[in-house]
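Take a look at the structure below.
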Amino acid sequence: MVQLGLVGLGKMGFNMRERLRAAGHEVVGYDRNSGVSDSTSLEDLVSKLSGPRIVWIMVPAGEPTRQTVTALGQLLSEGDLVIDGGNSKFTDDKLNADLLASHGVGYLDCGVSGGVWGKDNGYGLMVGGAASDVQRAMPIFDALRPEGPREEGFSHAGSVGAGHYAKMIHNGIEYGIMQAYAEGFELLEAAKTVDDVPAVIKGWQRGTVVRSWLLDLLVRALDEDPELDDLEGYVEDSGEGRWTLEEAVNNAVPAPVLSAALFARFSSRQKDSAAMRAVAALRNQFGGHAVKKAGS
């Protein structure tokens with residue numbers, strides 16, 4: 001049994017706490033929402049942990065994570081360990097690690113995949129940091145990862161920053177896969193050759209080369225809403241798709257699928273695209289093609 005402090009009990013953090021407890025570990029959680037919190041403050045959380053302590057952070061990336069790391073640096077003791085399991089940008093990890101190192105506190109960055117299903121299915125984990133710190137936290141990682149061979153649900157990706165870097169690329173790939181499924185769905189719908197689009201997509205779940213968990217989730221969505229009419233075609237991005245493309249540019253790696261998937265999300269947010277109005281105007285000018293007037 002391992003004792004763990006867990007900061008941030010949102011959708012992911014709450015379920016992670018439940019999975020860890022089910023595995024027999026002691027988890028003391030802290031969240032601003034007192035209704036789910038086991039402690040009243042970070043100070044209270046730290047006071048309830050026995051040294052050497054391990055504290056896992058699951059708060060939004062950027063300033064919230066930075067503030068939490070800074071506060072923990074003041075509260076924890078030499079030999080303690082902090083794990084950032086949020087979606088921090090990998091460049092933030094060295095800053096966090098250096099800050100904590102000045103207090104004698106270790107640091108691991110952990111990319112976590114699995115979403116709201118991770119409580120039951122387990123979480124894919126990608127970790128960056130010192131091997132000794134990774135080994136120390138392994139009982140926690142083993143409880144969170146899916147059942148089966150460790151190497152199929154957990155990786156020690158490298159030094160500090162490598163875990164979040166791996167998760168960033170993972171999410172970039174996710175963008176591309178989702179966009180491919182979405183475009184296939186739209187084409188099946190638009191062609192009118194196929195009578196039962198949901199049945200076709202469900203039929204891809206076994207035996208085909210495009211089967212995946214994301215496909216399973218699309219089938220689930222279509223079971224609930226066969227035309228997906230209840231949804232607005234507006235898609236946000238978490239930031240990791242953008243960071244992935246920045247790295248593609250920095251390393252001169254062609255990433256046309258990932259870039260197209262990200263730009264498609266941008267397009268989804270435009271009620272009236274100035275670019276497409278320009279395309280329509282040009283087609284009308286050079287070829288006399290019909291255009292739709294605004295408001296018609």
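In this text, all values refer to a predicted model and were calculated from it rather than measured experimentally.
- Residues F154 and L144 have side chains not in contact (no heavy-atom distance under 4.5 Å, counting atoms from C-beta outward).
- L218 and I173 fall within a single hydrophobic cluster, where Ile, Leu, Val, Met, Phe, Trp and Tyr side chains are chained together by heavy-atom contacts under 4.5 Å.
- Remark: the N15 side chain and the K11 side chain contain no N/O donor-acceptor pair separated by less than 3.5 Å.
- At distances below 3.5 Å, not a single donor-acceptor pair connects side-chain atoms of H156 with backbone N or O atoms of G163.
- The two residues A23 and A143 come nearest to each other via the heavy atoms CB-CB, 3.7 Å.
- The hydrophobic clustering, which links ILVMFWY residues whose side-chain heavy atoms are closer than 4.5 Å, places Y123 and W117 apart.
- When all heavy atoms of G176 and V257 are compared, the pair lying nearest together is CA-CG1, 4.0 Å.
- A continuous path of hydrophobic side-chain contacts links V134 to V112 [ILVMFWY only; heavy atoms under 4.5 Å].
- The backbone N or O of G35 sits less than 3.5 Å from a side-chain atom of N33, completing a donor-acceptor pair.
- Residues Y175 and L262 have side chains in contact (heavy-atom distance under 4.5 Å, counting atoms from C-beta outward).
- For residues 135-157, the set of pairs meeting the salt bridge (charged side-chain N to carboxylate O under 4.0 Å, His left out) definition, not counting sequence neighbours, comprises D142-R145, D142-R150.
- Under the 4.5 Å side-chain heavy-atom criterion for Ile, Leu, Val, Met, Phe, Trp and Tyr, L75 and L4 are members of distinct hydrophobic clusters.
- With contacts defined as side-chain heavy-atom distances shorter than 4.5 Å, the pair L72/V105 does not qualify.
- Under a cut-off of 6.0 angstrom, the local environment of CD in E236 is crowded, with over 12 non-hydrogen atoms contributed by other residues, nucleotides or ligands.
- S155 places no side-chain N or O within donor-acceptor distance of the main-chain N or O of A157, the cut-off being under 3.5 Å.
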Practice task
Mind running side chain to side chain contact (heavy atoms under 4.5 Å, CB included) on L228 and F185 for me, showing each step along the way?
Solution key: CA-CA 10 Å; L228 300 182; F185 168 75; 3.7 Å; yes
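- Separation of atoms OG1 (T244) and CD1 (I169) is listed at 4.5 Å; rounding is to 0.5 Å.
- Summarising the local packing, CD of E18 is surrounded by more than 12 heavy atoms from other residues, nucleotides or ligands at distances under 6.0 Å.
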Handout entry: Residues H164, K89; criterion side chain to side chain contact (heavy atoms under 4.5 Å, CB included); working and verdict
Key = CA-CA 7 Å; H164 281 145; K89 192 172 185 180; over 6 Å; no
Under 3.5 Å, which donor-acceptor pairs link side chains of residues 47-66 to any protein atom two or more places apart or in another chain?
| residue | atom | partner | partner atom | Å |
| --- | --- | --- | --- | --- |
| S47 | OG | D44 | O | 2.7 |
| K48 | NZ | D38 | O | 2.8 |
| K48 | NZ | D44 | OD2 | 3.3 |
| R53 | NE | V46 | O | 3.3 |
| R53 | NH1 | S77 | OG | 3.4 |
| R53 | NH1 | D80 | OD2 | 2.8 |
| E63 | OE2 | Q67 | NE2 | 3.4 |
| T65 | OG1 | P60 | O | 2.7 |
| R66 | NH1 | L95 | O | 3.4 |
| R66 | NH1 | N96 | OD1 | 2.9 |

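- Judged by distance alone, with hydrogens and angles left aside, the side-chain atoms of D237 form no donor-acceptor pair with the main-chain N or O of G241 at under 3.5 Å.
- A side-chain donor-acceptor contact under 3.5 Å links Y181 to the backbone of V210.
- Nearest heavy-atom pair, Y107 versus D133, reported as atom, atom and distance to 0.1 Å: N-OD2, 4.1 Å.
- Screening residues 92-103 for salt bridge (charged side-chain N to carboxylate O under 4.0 Å, His left out) gives K94-D98 as the qualifying pairs, with residues at least two apart or on separate chains.
- For the pair S102/L100, no side-chain contact is recorded, criterion being any heavy-atom separation below 4.5 Å from C-beta on.
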Practice task
Check the pair R19 / D120 against salt bridge (charged side-chain N to carboxylate O under 4.0 Å, His left out), numbers first and verdict last.
Solution key: CA-CA 7 Å; R19 184 173 176 87; D120 297 321; over 6 Å; no
Handout entry: Working for side chain to side chain contact (heavy atoms under 4.5 Å, CB included), residues R211 and W204
Key = CA-CA 6 Å; R211 64 189 185 276; W204 291 345; over 6 Å; no
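- Taking every heavy atom of both residues into account, S37 and G29 meet most closely at OG-O, 3.5 Å.
- The backbone N or O of D84 sits nowhere less than 3.5 Å from a side-chain atom of S88 that would complete a donor-acceptor pair.
- Taking the side chain as every heavy atom from C-beta outward, P139 and H25 approach each other to under 4.5 Å.
- Expressed to the nearest 0.5 Å, how far CE of M168 lies from CG of L245 amounts to 9.5 Å.
- Both V194 and V219 belong to a common hydrophobic cluster when Ile, Leu, Val, Met, Phe, Trp and Tyr are linked at side-chain heavy-atom distances under 4.5 angstrom.
- Remark: the backbone N or O of V235 is not paired with any side-chain donor or acceptor of R265 at under 3.5 angstrom.
- Counting heavy atoms from C-beta on, the side chains of V160 and D109 come closer than 4.5 Å.
- Summarising the geometry of N87 relative to K167, their closest heavy-atom pair is OD1-NZ, 3.2 Å, with the distance given to 0.1 Å.
- Scanning all heavy atoms of the two residues, the minimum distance from G124 to P146 falls at N-CD, 4.4 Å.
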Practice task
Take C110 and M126 through the test side chain to side chain contact (heavy atoms under 4.5 Å, CB included) and record every step on the way to the result.
Solution key: CA-CA 5 Å; C110 183; M126 297 142 267; over 6 Å; no
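- The shortest distance between side-chain heavy atoms of L6 and L9 falls below 4.5 Å.
- Using a 4.5 Å heavy-atom threshold, the side chains of M1 and E26 count as touching.
- To the nearest 0.5 angstrom, L108 atom CG is 11.5 Å from L125 atom CG.
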Handout entry: Evaluation steps, side-chain hydrogen bond (donor to acceptor under 3.5 Å, both in side chains), between Y30 and T40
Key = CA-CA 7 Å; Y30 168 67; T40 58; over 6 Å; no
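- Once rounded to the nearest 0.5 Å, the distance linking CD of Q205 with CG of L215 reads 5.5 Å.
- Between the side chain of N171 and the backbone N or O of E174 there is no donor-acceptor pair closer than 3.5 Å.
- Between the CZ atom in R17 and the NZ atom in K119 there is a gap of 11.5 Å [rounded to 0.5 Å].
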